[in-house]
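Working notes for the structure below.
Letters A, B, ... mirror the listed sequences (proteins, then strands); counts begin at 1. Quick note: numbers below take in every heavy atom, side chains included, and nothing from hydrogens, waters or symmetry partners.
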Amino acid sequence: MIDPKSLRDDFPALQQRLQSRGEYDLGPLRELDQAQRTLEQQCHQLQARSNEIGRLVGQKLKARLSAQDPDVQMLTQEGNSLKIQLAELEPRLRELKGRLEQALLMIPNPPSPLTPLGKDEGDNRLCHTWGEPRLPDFPVLPHWEIGESLGLMNFTRATRMAQSRFVALVGAGAALERALIQFMLDRQTQAGYLEVAPPLLVNTQALTATGQLPKFGEESFRCAQDDLWLIPTAEVPLTNLYSGEIIPGGSLPIYHCAYTPCFRREAGSYGRDTRGLIRLHQFNKIELVKLVHPQTSEAEHQTLLGDAEAILQALELPYRVVELCTGDLGFSACRCFDLEVWLPSAGNYREISSCSNFGDFQARRGNIRFKEPGQKGTQFVHTLNGSGLAVGRTMAAILENYQQADGRVKLPAVLQPYLNREFL
RNA sequence: GGAGAGGUGGCUGAGUGGUCGAAAGCGACAGAUUGCUAAUCUGUUGUACGGUACGAAAGGCCGUACCGAGGGUUCGAAUCCCUCCCUCUCCGCCA
């Protein structure tokens, strides 16, 4: 959520930063904020007098005046008239407040000044590449063909019991997934992230805090009967671990990692990536989340990116880093780097991790604050997160990059100890 | 699912209609003091929003809201009434 004060103090700058994402007219919002505050002041004044009357009546009754005393009568009458006025104003105030709140929740995060300006994907900035894209001299198979021919995965049966965009991993396929999870968690906990096994179902408030709601409800699976949602990413439970809390300043920064399945409805992506592990309704991911002091969030973002990159490097998978431009930025992010892994069958790079800085955007929505020791007041933390990494896409990248002329797949050296074998 | 208990400030816990934002204790912070790894004494100690003829500023002052959430009764609600949520205990079921 944006700072409502910036609507008043910093309006032109705010408007301009938001417009770098696309079209946003904040004018109506500013008027709403103005109207709300005027009305609120009116109510406060009436309430103040009403409180005073309450106090006076109390004093008089204590001084053994009877309730029928003219003084008391006059006060209670005034109190009654105030009550009538408030009964009219308060519902209007509540309504305005609700509308303002809803409108604020729909405003995306203004991009960081560091984010390159641009309209869409085409304007993203290539930061650097790592490793040499492989193009073997034998016919390259897509990972789902490799996977099915080696008996690692089965799409037909998974689809029969569930829906399209589901997979059942089998035998060494399931073991490889598990090994990757273990490997990634080992690395990230060594890098200083405290592992959490969070709830996979969360409430509406949690999804609102991280920004998936109210705008993107159709992207998540909802259990209507209990008003709970399947998490689309562990970002949601990890960030919400501290919602509503005031963290002692000395406890920052906080680093968490988690392995969780993620669930996405993929509404609106019909026909895209219909085969393979790239776009499933259920997939596994290791997520990294940081809660940090605002002054350090830029530096923390870079090290977070490095922690995600380290996994690809350890697996010796070629990749590149792309910084998203203002027009391509996710709703909640103010700055974002994507890691894209080389996929030989596509002859292209494919997103495997997204490392975002959210500034105080999520912290405001989730009310996550910290208090500097010795200082008055509280501040919102900055939140960051990144995939470290998406497991299914990593598996796809391994199968394709490590396929051999004889149809087998050689395992990356760091994974061999986890699976006790060299080839799949 | 059945029966019961309960949700108060960082924590424990008092408070059943009238200056209660809330006693007390603990903790924390600041100062004082004692020759001893700590004790004692004193003081301070929630959050948010708004206003401001104060202040260079930090801040001060004024107001409003918050005792699980939302309604209601009343001149006045932590306290009474209604609805909802959550937690705990016992029983049942169950990985």
Please state how far atom [atom1] in [X] lies from atom [atom2] in [N], giving the value in whole angstrom units.
X      : N     : atom1 : atom2 : answer
A:I247 : B:G46 : CD1   : P     : 20 Å
A:L93  : B:G71 : CG    : P     : 12 Å
A:K62  : B:G17 : NZ    : P     : 13 Å
A:L82  : B:U64 : CG    : P     : 12 Å
A:Q42  : B:G50 : CD    : C1'   : 14 Å

Using a strict threshold of under 4.0 Å (side-chain N to carboxylate O), is an ion pair present between [Y] and [X]?
X      : Y      : value
A:D360 : A:R364 : yes
A:K285 : A:E287 : yes
A:D33  : A:R8   : yes
A:R99  : A:E95  : yes
A:R165 : A:D273 : no
A:R92  : A:E88  : yes

### Message
Ring-plane angle category for A:F166 and A:H281, please: parallel below 30°, perpendicular beyond 60°, tilted otherwise.
### Response
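Correct class here is tilted.
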### Query
Which of parallel (below 30°), tilted (30 to 60°) and perpendicular (above 60°) describes A:H293 and A:F370?
tilted
### Under the 3.5 Å Watson-Crick or G-U criterion, the dot-bracket string of RNA chain B, with | for inter-strand pairs
((((((((.[[[..)..(.....]]]((((((.(...).))))))(((((((.(....)))))))).[[[[[..)....]]]]])))))))....
Establish, with yes or no, whether the OP1 or OP2 oxygen of [N] is under 4.0 angstrom from a side-chain nitrogen or oxygen of [X].
X      : N     : answer
A:R8   : B:C49 : no
A:N51  : B:U19 : no
A:K371 : B:G10 : no

Nearest-Å distance once atom [atom1] is located in both [N] and [M]:
N     : M     : atom1 : value
B:U47 : B:A23 : P     : 16 Å
B:U79 : B:G17 : P     : 12 Å
B:G55 : B:G59 : C1'   : 8 Å
B:G18 : B:A3  : P     : 35 Å
B:A14 : B:A22 : C1'   : 10 Å
B:U64 : B:G21 : P     : 10 Å
B:C54 : B:U12 : C1'   : 41 Å
B:A78 : B:G68 : P     : 10 Å

### Task
Sorted by first residue and then second, give each side-chain hydrogen bond (donor to acceptor under 3.5 Å, both in side chains) pair with at least one member in residues 72-84 of chain A; sequence neighbours left out.
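Pairs touching residues 72-84 of chain A that pass the test: A:R49-A:E78.
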### Message
Please list, in numerical order, the residues of residues 194-209 of chain A that have a heavy atom closer than 4.0 Å to any atom of RNA chain B.
### Response
none
### Contacts of A:S354 that satisfy side chain to side chain donor-acceptor pair (under 3.5 Å) - sequence neighbours left out
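Result, side chain to side chain donor-acceptor pair (under 3.5 Å) vs A:S354: A:D338.
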Enumerate all atom pairs, one protein N or O and one N or O from nucleotides 73-75 of chain B, separated by less than 3.5 Å.
{"from": "B:C75", "atom 1": "OP2", "to": "A:N80", "atom 2": "OD1", "distance (Å)": "3.1"}
{"from": "B:C75", "atom 1": "OP2", "to": "A:K83", "atom 2": "NZ", "distance (Å)": "3.0"}

### Query
Counting any heavy atom closer than 4.0 Å, what does A:K97 reach on the DNA or RNA strands: base, sugar-phosphate only, or nothing?
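Since no nucleic acid heavy atom lies under 4.0 Å of A:K97, the category is nothing.
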### Message
Base, sugar-phosphate or nothing for A:R49? Non-hydrogen atoms, less than 4.0 Å.
### Response
nothing
#### Entry: side-chain hydrogen bond (donor to acceptor under 3.5 Å, both in side chains) assessment of A:E309 paired with A:Y319
CA-CA 9 Å; A:E309 283 185 63; A:Y319 68 92; 2.5 Å; yes
### Query
Along nucleotides 51-61 of chain B, 5' to 3', which nucleotides get a B, which get an S, and which get a -, given that the test is a protein heavy-atom distance under 4.0 Å?
S-------SS-
### Message
Testing the basics here: between A:L304 and A:G386, what is the closest heavy-atom pair and its distance to 0.1 Å?
### Response
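That closest heavy-atom pairing would be CD2-N, 3.8 Å.
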For the side chain of [X], starting at C-beta, report the closest nucleotide among [options].
X      : options             : result
A:R369 : B:U64, B:A48, B:C49 : B:A48
A:R94  : B:U64, B:G50, B:G71 : B:G71
A:A48  : B:G63, B:G50, B:A65 : B:G63
A:Q59  : B:G46, B:G71, B:U19 : B:U19

### Task
Decide, for B:U12, between syn and anti: a glycosidic angle within 90° of 0 counts as syn, anything else as anti.
anti
### Query
Under 6.0 Å from the six-membered ring centre of A:Y255 and within 45° of its axis: does the NZ or CZ of A:K290 meet both?
yes
### Task
State whether A:F11 and A:R30 meet the cation-pi test: NZ (Lys) or CZ (Arg) under 6.0 Å from the six-membered ring centroid, and within 45° of the perpendicular axis.
yes
### Query
Below 6.0 angstrom between ring centroids: does that apply to A:F358 and A:F380?
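No - the distance between ring centres of A:F358 and A:F380 does not fall below the 6.0 Å cut-off.
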### Query
Could you walk me through whether A:R272 and A:E266 pass the salt bridge (charged side-chain N to carboxylate O under 4.0 Å, His left out) check?
CA-CA 10 Å; A:R272 284 171 62 199; A:E266 295 298 344; over 6 Å; no
